[in-house]
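Okay, structure first, notes after.
Since the model is a prediction, treat every value here as computed from it, not as a measurement. Proteins get letters first, then strands, A, B, ... in listed order; numbering begins at 1 in each.
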Number of protein chains: 2
Amino acid sequence: MRDEFRADLQIVSQLLVDMAEGVRAAMRQATHALLTADRRAAETVIERDAEIDNLYRHVEERVCDLLARQAPVASDLRAMITALHVAADLERMGDLAEHVAKTALRRHPSPAVPAELRPTFTEMAATADRMAIKIGSVLARPDADLAAELDGDDDAMDDLHRNLFGLLLGEDWPYGVETAIDATLLGRFYERFADHAVNAGEHVVYLITGEPTPTPG
Amino acid sequence: MRDEFRADLQIVSQLLVDMAEGVRAAMRQATHALLTADRRAAETVIERDAEIDNLYRHVEERVCDLLARQAPVASDLRAMITALHVAADLERMGDLAEHVAKTALRRHPSPAVPAELRPTFTEMAATADRMAIKIGSVLARPDADLAAELDGDDDAMDDLHRNLFGLLLGEDWPYGVETAIDATLLGRFYERFADHAVNAGEHVVYLITGEPTPTPG
């Protein structure tokens, strides 16, 4: 029974790792679509979000099946509930990558991001990528220290986000309201992506250390 | 055992109803703060979000306790997983009300919403309120028809959201980029509030009818 549970848990963990990799690839490709006005890349991200959603459903089915067959208690039960939380965060991160891709597509063939904002979005995307890698790593091999680094990454994302508003509100902003609206929404998509990565990391830390569960945010 | 499960489930349902009422009150008060630049109201929403978060944690504790003690299967297990989903949606709706309140506070004593946008936000808030009421009702007494009405409400919200962008992008928009940024974010908060209400409703419908579970959005 115990070995069976471990084997089942391993399958769930692997599904979560697959989700983290899918989400990372989605945000990388969405950013590429955004910064190079690459229509095909944007469409691919949108099409492939269904794969992330499918992985999410597989996690949920596996967890339900496991709860029904094995009736885990204590830390095993906690691991199951945590898997559901992490899957929900990753699923949402996939949606946010899709939103970035949709924004790129809506402005195509024009670029959605003007030259002045490209360095900021390039940095935001690099930060998001770093966070997605860390989530994948801690899911593959629990590491509370690595998970805790996500807080620092999130602070960096928040700084970039504030910096973005500074650029939009500068007296010399030449692009008008439409571009400011796109940039506002895009900034929020990257920032929320980072928030969900932090949440997922906190859930993994909880599993490792028993620190109290965070509220999803 | 069966009676005990029913009694526990009843407690979980009541916690969800309490959450729905808390979330509704939060968004009402946040809108009031937004439209009347009422600092005290905004602060109250922000302070009281902790109560919604607490209810969320109570739902999760109850569900875990119930899973550990009773090891439900089939539809009982489904009800537990659904409760977790609905609680997560409601918790997030509370956060979005808090975001509205924070936006009101950031601009205080100026109003964050100029006169031209007040009718749109008043309508968005009325739609959000209708949806929060319906979630509370279907949680108190399952009603698939009432839950299905949420889709129509969400369509109304999407129309208002598009209408908002139309106003922001009109040639006669006189308020500059800062107000457009606030309005963009506020629009997104109400629209996401509605999305989570639809998700929560779909989970309840799933519980009633067995229709496949939606992906959280």
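- Within 6.0 Å of CZ in A:Arg62 there are 12 or fewer heavy atoms belonging to other residues, nucleotides or ligands.
- Interatomic distance, A:Arg188 CZ to B:His99 NE2, rounded to the nearest 0.5 Å: 4.5 Å.
- Within 6.0 Å of the CZ atom in A:Arg48, the count of heavy atoms belonging to other residues, nucleotides or ligands does not exceed 12.
- At a 4.5 Å heavy-atom cutoff, the contact between B:Ile81 and chain A is made by side-chain atoms alone.
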#### Entry: Test log, rule side chain to side chain contact (heavy atoms under 4.5 Å, CB included), inputs B:Glu60 and A:His85
CA-CA 11 Å; B:Glu60 189 158 291; A:His85 280 302; 2.7 Å; yes
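- Contact count versus chain B (heavy atoms, under 4.5 Å) is highest, among A:Leu185, A:Ile181, A:Val177, for A:Ile181.
- Proximity to chain B involves both the backbone and the side chain of A:Leu168, based on heavy atoms less than 4.5 angstrom apart.
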